Each structure stands twice: as C-alpha cells, then as structure tokens.
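Sharing a structure, written as structure tokens. Questions coming.
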Amino acid sequence: MLQFRVETADPDQTAEWGRLLAGVLRPGDLIRLDGPLGAGKTTLVRAIAEGLGADPRDVSSPTFVLANEYRLPPANHLVHIDAYRIGTDDLDTLGWDRFAPDDLIIIEWAERIADALPADAPHLAIEVSGEHARAIDVTLPDTWRARPDLERLGADLLRCPKTDLVVSPADPFYPFASERARMADLHTWITGGYRLERPIEPDDLA
Ligand code: ADP
Ligand code: MG
C-alpha cells in the first residue's frame with residue numbers, strides 16, 4: 001500500500017487536488033471516500049468530475065439520489081454513489097450490477113457499506129482540521145505506484161530511481177521501492193555508474 005497525507009487550506013485547494021487526482025484515475029477504478037458531514041467529499045467528487053471533463057450540467061447534489069451519473073467523454077461514466085442513506089442490504093436496489101466494467105465509481109460514505117466493497121480499494125479519508133483546513137489521508141494499492149503523474153498528488157512523493165515506482169516517506173526503503181532497488185543503486189554507485197565524466201570544478205563544491 002502507498003499511504004500519504006494531503007493538506008488543503010480551503011475548498012479551492014481541495015478542488016485543485018481533485019483535478020490532479022482525475023488525471024491519475026483510470027476506467028474501472030472504484031474509490032472509497034470517507035469523512036464527516038461537511039468534510040468536503042462532494043466538493044472533491046465534483047472537482048474530479050470536472051477534471052475528467054464531465055458535462056457541468058450533469059453535476060447535481062446526490063443528497064436525495066442514490067447514484068449520480070456523469071457522462072464522460074468518450075463513452076464511460078463517473079458514478080458517484082452517496083452511501084449515507086443506504087445499507088449493504090439496499091445495494092440491490094441501487095442496481096450494483098448495472099455498472100459497466102469501464103465505469104469509474106466513487107463512493108461517498110464508503111464505510112457505511114464496507115462489507116460490500118473490496119477492502120483493498122483506494123481509500124480517501126477527509127479530516128476536518130480547522131474551519132477551512134482539511135487533511136486527506138490517501139491509501140492506494142501498490143498497483144497504482146506505476147501510474148503516470150501519481151507523484152504530483154503529494155509533496156513528499158518521489159519516483160524510485162531504480163524502478164520508477166512512486167514511493168512515500170512512510171515506505172521502508174524510501175526513496176527506493178524495495179531492498180532490491182536500494183542494493184541495485186548501491187551497486188551502480190560502487191562500480192562507478194554515477195561517476196562525473198568531467199573534472200570537478202569549484203562550482204560543484206559551492
Ligand atoms: P461532504 O460531502 O463531505 O458532506 P461538502 O463537500 O458537501 O461535504 O461540503 C463541504 C463544505 O466545507 C463546503 O461548504 C465547503 O465550502 C467547505 N469547506 C471549507 N474548507 C474546505 C476545504 N479545505 N475543502 C473542502 N471543503 C471545504
Ligand atoms: Mg456529501
């Protein structure tokens with residue numbers, strides 16, 4: 001798992017992060033989204049929809065509907081489910097199986113229907129840390145580490161110099177993805193792979 005925390009100072013920053021996230025999402029993703037009332041879950045989903053190029057006229061509050069679908073170019077949908085008022089038993093009513101494999105599903109209040117969702121699905125938990133301050137705890141499966149632009153989602157994220165996978169300071173071999181990658185880097189160093197191909201100049205030491 002890849003874990004990191006994102007802090008936003010106002011709704012615009014949350015939306016900006018949502019648009020960045022949109023650039024990383026792929027058809028078929030299912031995202032679990034949690035946080036107390038007023039945390040900014042719907043704000044985030046709207047920004048994701050916008051970042052995906054959804055028609056703004058489709059954007060409406062899901063408070064009184066179970067699932068809100070945004071048409072996306074070219075063919076797939078963003079399905080925004082608000083599980084606030086539904087339980088696992090009601091999922092049949094929702095028509096869980098009518099979603100296409102290429103639909104992108106974001107579930108607000110996912111913890112309320114946790115039993116019906118894959119426990120390893122990406123998870124976003126928004127915490128209210130001040131009047132306008134929010135912290136988003138992000139947990140992503142390891143399979144996401146290779147996705148393009150993923151490192152833009154967190155200030156402390158880097159790509160492992162050996163494997164090109166995204167790593168966070170919480171990872172045991174940071175900035176490497178694994179012990180093997182760390183050893184491979186050490187080997188490159190010892191065998192002169194990082195040698196400068198020119199004499200050292202005073203500016204190098206400044
Ligand atoms: P939820 O869906 O989690 O109940 P909403 O997105 O509907 O929350 O509402 C969040 C409210 O909090 C909005 O009125 C928004 O303007 C406000 N807000 C204040 N600061 C932030 C922030 N940093 N990120 C997101 N929303 C914020
Ligand atoms: Mg909401």
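Keep in mind the model is a prediction, meaning the values are calculated, not measured. We count ligands from 1, going down the list as the structure has it; atoms in each ligand are counted the same way.
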Original post:
In the hydrophobic clustering (ILVMFWY, side-chain contacts below 4.5 Å, transitive), which residues join Val128, or is it alone?
Top reply: none

Subject >> Cationic N near anionic O, under 4.0 Å, Arg145 to Asp142 >> reply: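 Salt bridge present between Arg145 and Asp142.
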
**OP:** Specify which N/O/S atom of Glu108 comes nearest to the Mg ion (ligand 2), by atom name.
**Re:**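 The Glu108 atom nearest to the Mg ion (ligand 2), restricting to N, O or S, is OE2.
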
Original post:
Backbone or side chain, does Asp82 get an N/O/S atom under 2.8 Å to the Mg ion (ligand 2)?
Top reply: no

Original post:
Do the charged groups of Arg32 and Glu111 touch, with an N to O distance under 4.0 Å?
Top reply: no

**OP:** For the Mg ion (ligand 2), decide whether Tyr84 has an N, O or S atom at a distance under 2.8 Å.
**Re:** no

**OP:** Report whether Leu165 and Leu150 are members of the same hydrophobic cluster (ILVMFWY, side-chain heavy atoms less than 4.5 Å apart, transitive linking).
**Re:** no

Original post:
How would you list, by chain and number, every residue that makes a ring-ring contact (aromatic ring centres under 6.0 Å, His included) with Tyr84, sequence neighbours excluded?
Top reply: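 Per chain and number, Tyr84 pairs via ring-ring contact (aromatic ring centres under 6.0 Å, His included) with Trp109.
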
Subject >> Lys/Arg-Asp/Glu bridge criterion (N-O < 4.0 Å) met for Glu16, Arg19 >> reply: no

Report each N/O pair between ligand 1 and the protein that falls under 3.5 Å, naming both atoms.
{"from": "ligand 1", "atom 1": "2 (O)", "to": "Thr42", "atom 2": "N", "distance (Å)": "2.9"}
{"from": "ligand 1", "atom 1": "2 (O)", "to": "Thr42", "atom 2": "OG1", "distance (Å)": "2.9"}
{"from": "ligand 1", "atom 1": "2 (O)", "to": "Glu108", "atom 2": "OE2", "distance (Å)": "3.0"}
{"from": "ligand 1", "atom 1": "3 (O)", "to": "Ala39", "atom 2": "N", "distance (Å)": "3.2"}
{"from": "ligand 1", "atom 1": "3 (O)", "to": "Gly40", "atom 2": "N", "distance (Å)": "2.9"}
{"from": "ligand 1", "atom 1": "3 (O)", "to": "Lys41", "atom 2": "N", "distance (Å)": "2.8"}
{"from": "ligand 1", "atom 1": "3 (O)", "to": "Lys41", "atom 2": "NZ", "distance (Å)": "2.7"}
{"from": "ligand 1", "atom 1": "4 (O)", "to": "Gly38", "atom 2": "N", "distance (Å)": "2.8"}
{"from": "ligand 1", "atom 1": "6 (O)", "to": "Thr42", "atom 2": "N", "distance (Å)": "3.4"}
{"from": "ligand 1", "atom 1": "6 (O)", "to": "Thr43", "atom 2": "N", "distance (Å)": "2.9"}
{"from": "ligand 1", "atom 1": "6 (O)", "to": "Thr43", "atom 2": "OG1", "distance (Å)": "2.5"}
{"from": "ligand 1", "atom 1": "8 (O)", "to": "Gly40", "atom 2": "N", "distance (Å)": "3.1"}
{"from": "ligand 1", "atom 1": "12 (O)", "to": "Gly38", "atom 2": "O", "distance (Å)": "3.4"}
{"from": "ligand 1", "atom 1": "12 (O)", "to": "Arg134", "atom 2": "NH2", "distance (Å)": "3.3"}
{"from": "ligand 1", "atom 1": "18 (N)", "to": "Arg134", "atom 2": "NH2", "distance (Å)": "3.4"}
{"from": "ligand 1", "atom 1": "20 (N)", "to": "His132", "atom 2": "O", "distance (Å)": "3.3"}
{"from": "ligand 1", "atom 1": "23 (N)", "to": "Thr8", "atom 2": "OG1", "distance (Å)": "3.2"}
{"from": "ligand 1", "atom 1": "23 (N)", "to": "Asp10", "atom 2": "O", "distance (Å)": "3.2"}
{"from": "ligand 1", "atom 1": "23 (N)", "to": "Thr14", "atom 2": "OG1", "distance (Å)": "3.4"}
{"from": "ligand 1", "atom 1": "23 (N)", "to": "His132", "atom 2": "O", "distance (Å)": "2.8"}
{"from": "ligand 1", "atom 1": "24 (N)", "to": "Thr14", "atom 2": "OG1", "distance (Å)": "2.6"}

**OP:** Could you identify which residues cluster with Tyr174, counting Ile, Leu, Val, Met, Phe, Trp and Tyr as linked when any side-chain heavy atoms lie under 4.5 Å apart, either directly or through a chain of such contacts?
**Re:**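 Under the 4.5 Å side-chain rule, Tyr174 groups with Leu158, Val167.
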
